[in-house]
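The figures here come from the full heavy-atom set of this structure, side chains too, leaving out hydrogens, waters and symmetry mates. Owing to the predicted nature of the structure, the values given are computational and were not obtained by experimental measurement. Each chain gets a letter, A, B and so on, in the order its sequence line appears, and its residues count up from 1.
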There are 2 protein chains.
Amino acid sequence: MPQTHRKRRPEARPDEILDAALAVFTEQGFAQARVEDIAKRAGLSKGAVYLYFPSKDAMLSALVEQSAGKLARAAEQLVAIGAPQDPETALRSLVKMLMTAMADPDISAAPRLVLTEAGRSPEIAAHYRSQVLDIARRAMSALLEAGVEAGRFRRVDTDALMRLMGGPCMAHMVLTTIFDLQPQDISDPADMAGAICDLVLYGLVPREKAA
Amino acid sequence: MPQTHRKRRPEARPDEILDAALAVFTEQGFAQARVEDIAKRAGLSKGAVYLYFPSKDAMLSALVEQSAGKLARAAEQLVAIGAPQDPETALRSLVKMLMTAMADPDISAAPRLVLTEAGRSPEIAAHYRSQVLDIARRAMSALLEAGVEAGRFRRVDTDALMRLMGGPCMAHMVLTTIFDLQPQDISDPADMAGAICDLVLYGLVPREKAA
DNA sequence: GCATTATAACTGACCGGTCAGTCATTAACA
DNA sequence: TGTTAATGACTGACCGGTCAGTTATAATGC
């Protein structure tokens, strides 16, 4: 048997397995994904996977843990830098970033898994909630406060604003990845982000006719 | 009635089975739900279920088919009646209805199943897309057009507006049912709908400072 | 009315396939 | 030679779907 010299790299294994797991979970969904397929893709046998993870569920948890917060922290940083100078531009950048991220299957893979699997696993839900939703909420709250302070924003409800910005991004993800709408059927994420920010910033009712 | 052994009621069976299926799917998720449990809950044996449905998948499809469109048609009707007279109030009513529906676990059960299972079953996705999304889009488009005609709304992008109204409702559903946020952790759906409509109608930027 | 036959609703043991997780064994090093 | 990484055949549980058999009800004959 020709020696595949790809052995003895225990340090790198966990990440390799998680990469493979993300790919297979994304392609097949968690329940349909077979551990053996994950192992194959990582260049291992099934048994070896169990040297690094105690169960299939643990792989999902680790995956969520790894990717959860990455995006939220990026958003947090973007707000921290941009909001004090120009809250409006910061808001636009934030939505554009989020929308673009959700349109990218690689980036949205983990949130998508959470969406479909969190109902089955309360601990994943709780983890995601604290690691992502809470961070995002803090960032949005800070952004809004900066805008209000600067007299650029009305003092509105943080949660309403958060859902108004986050909801459409989630919708974009659902439409493209779950309902499988193709790019030609759906607006470019950056354009959509722009249109949504325009609407939220300036309102549906014309300015000259404000009630 | 004297006969507690309620048997032989073939006419009522399919609906009884679907009711049971919805309950079990909602509690356990589709993959985890056992056909035998559905049968038990419907007061039947597993075999009998297969007299009425050819497969477990068929039960899910029938369920989606049954409930899909109900909400969309209600929305369509609400718009058809309200939009010509007062587009702004119609929009508010529409969002309130949607948000309240998504906050009710019984009503949102089917959409939630679609969200988690559509990725696995392209035909369910396609069906939901044509029966619900397309109807909703037409209604929103008509509402927007009526408002523009009446000079009450700016002419904005239909899809952006749709996502801006639908996204937060979906978010509400996800937060309450998937992340299991309790009523005390989250705004009342009607209040949230009001806050969101206020924001979208009048914009985040104060009127007196319009750019 | 009552007995007999026919029919359709229903049952639940069973089959076949799948797959997470285990473990005896082997290969690769030091 | 001892240790560690890795293998993959195997186990056991699970569950969707089937079907031979059972039972309630209706139809028919007398």
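Among all heavy-atom pairs drawn from Leu94(A) and Leu78(A), the shortest one is N-CD2, 4.0 Å.
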Report all interatomic pairs (protein N or O, nucleotide N or O of nucleotides 13-17 of chain D) with separations under 3.5 Å.
unit_1  : atom_1 : unit_2   : atom_2 : d
dC15(D) : OP2    : Arg34(B) : NE     : 3.3
dG16(D) : OP1    : Ala33(B) : O      : 3.1
dG16(D) : OP1    : Lys56(B) : NZ     : 3.1
dG16(D) : OP2    : Val35(B) : N      : 3.1
dG16(D) : N7     : Lys46(B) : NZ     : 2.9
dG17(D) : OP2    : Tyr50(B) : OH     : 2.9
dG17(D) : OP2    : Lys56(B) : N      : 2.9
dG17(D) : N7     : Lys46(B) : NZ     : 2.8
dG17(D) : O6     : Lys46(B) : NZ     : 2.5

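Between the C1' atom of dA24(C) and the CG atom of Leu51(A) lies a distance of 14 Å, rounded to the nearest Å.
Sorted by first and then second residue, the pairs that involve residues 18-46 of chain B and meet ring pair (Phe, Tyr, Trp, His ring centres under 6.0 Å), not counting sequence neighbours, are Phe25(B)-Phe30(B).
Backbone-only engagement by Leu44(B) is indicated by non-hydrogen atom pairs under 4.0 Å involving sugar-phosphate atoms exclusively.
For the atom pair NZ (Lys70(A)) and CD1 (Ile135(A)), the distance works out to 13.5 Å, reported to the nearest 0.5 Å. The CG atom of Leu143(A) lies 10.5 Å from the CD atom of Glu88(A); values are rounded to the nearest 0.5 Å.
Counting heavy-atom neighbours within 6.0 Å of Glu123(B) CD, excluding the residue itself, gives a total of 12 or less.
Contact annotation: Tyr52(B) side-chain N/O to dC10(C) OP1/OP2 distance is under 4.0 Å.
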